[in-house]
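The block underneath contains the structure these notes are about, expressed in structure tokens.
In each ligand, atom 1 is the first atom listed, and ligand 1 is the first ligand listed.
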Amino acid sequence: MYTIRSIPGKGQGMFANKDIKAGSRILADELLLSIAESKIDEGIGERISVSLHGLPPEQQQQFETLHCPDHPTWTPAVSRFLANCFEVEAPGSGIFLKASRINNSCFPNAFFSWNQNLHRLTVHAMVDIPIGDEITVCYIFPFYSLQIRRDLFREHYVFECDCPACHVETGIGRRGELRRRRMETLYMAIDKTNDGPSNNDQKELEMVLEFIRLAEDERLDGQFLSCIYSRAKKCYDDRGSEQLALEYAEMEVETNMRLLGDDHAVTQESARDLDELKTRLAMVQQTEENGENLGAL
Ligand SMILES: C[S@@+](CC[C@H](N)C(=O)[O-])C[C@H]1O[C@@H](n2cnc3c(N)ncnc32)[C@H](O)[C@@H]1O
């Protein structure tokens, strides 16, 4: 499905070697090594070293083949680990040899996720990817504003992103930047109430719907969007608009299926919620029909 090739100025990258349909699983990559706490603190070098030296020599050598940026203060092992790691179970991070060759774009065409059921990192095509195109993921939330993206890329991965969204000199980048800044603000505000009831809060519903509209305009996709669909579902359900709740529940499941696959716990939970909502709606409709039939007698 893919080949690894060199790209001038970017090291290696992953390319589609056939047309890949949206939702296809490109990778289910095995964990090489992991650390349970990925916070960048004084102990990170020691945590990486312990994990690395627990591997057989052959696997330690495989780690050594990965890209290692020239960071002013970190040791090569820390630099290499941070430039190539993916989140496993938060707050942990892990190294995956194949996925480590995927470059970043803030307009990505693929999505990575740690699948606890499989104990693997999966990468799915978010959209149809034509043969020959580079396969890219976004290492961070793509809706972060340019300044935050730049800081994270410099600090963590040591590179300057050259994707169209990071070119604010061009129309795409400039317009997108305004949308992303607003999405970042909205996401932070919505996230704060994510665990609690929505309290029929009109303001929250407006923020949720605005985020979805901006994401569609900016053509940004990701699991963050399925979380927002889930929030829209909850807002509408709480205010008794079950039909609209159902529409968002379906969008949430569709997004999870496409980006995570049907074997991911998050997808399975959202599919169960959707089934429950459908059952509840069917019962409400049945009760209404029974009432109408009784009235007609
Ligand atoms: C996970 S590795 C990706 C594969 C890497 N290019 C290689 O040769 O193995 C991350 C590194 O790739 C490079 N990279 C990834 N995305 C990039 C981008 N959009 N622009 C420039 N460099 C990028 C940076 O050097 C970054 O530290």
Exercise for review: Could you tell me whether Glu218 and Arg180 make a salt bridge, using a distance below 4.0 angstrom between a side-chain N and a carboxylate O?
Suggested key: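 Salt bridge: yes.
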
Point to revise | For Asp128, all residues meeting side chain to side chain donor-acceptor pair (under 3.5 Å), sequence neighbours excluded | key: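 With sequence neighbours excluded, Asp128 shows a side chain to side chain donor-acceptor pair (under 3.5 Å) to no residue whatsoever.
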
Under 3.5 Å, side-chain donor or acceptor atoms of residues 208-217 against the rest of the protein: list the pairs with distances, not counting sequence neighbours.
unit_1: Glu210; atom_1: OE1; unit_2: Arg182; atom_2: NH2; d: 2.9
unit_1: Glu210; atom_1: OE2; unit_2: Arg182; atom_2: NE; d: 2.8

Review point. Just checking, is any N or O donor in the side chain of Asp262 or Thr267 under 3.5 Å from an acceptor N or O on the other one?
Key: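 No, Thr267 and Asp262 have no side-chain donor paired with an acceptor closer than 3.5 Å.
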
Check your understanding: Have Glu134 and Asn103 got a donor and an acceptor in their side chains that come within less than 3.5 Å?
Key ->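 There is such a pair between these side chains.
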
Check your understanding: Does any pair with a residue in residues 240-264 pass ring pair (Phe, Tyr, Trp, His ring centres under 6.0 Å), and if so which ones, sequence neighbours excluded?
Key ->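 Found Tyr236-Tyr248.
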
Point to revise | Every residue of the protein that comes under 4.0 Å of ligand 1, judged on heavy atoms | key: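 Lining ligand 1 at under 4.0 Å, by heavy atoms, one finds Lys10, Gly11, Gln12, His67, Ala83, Asn84, Ser100, Arg101, Ile102, Asn103, Asn104, Tyr139, Tyr157, Phe159, Glu160, Cys161, Asp162.
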
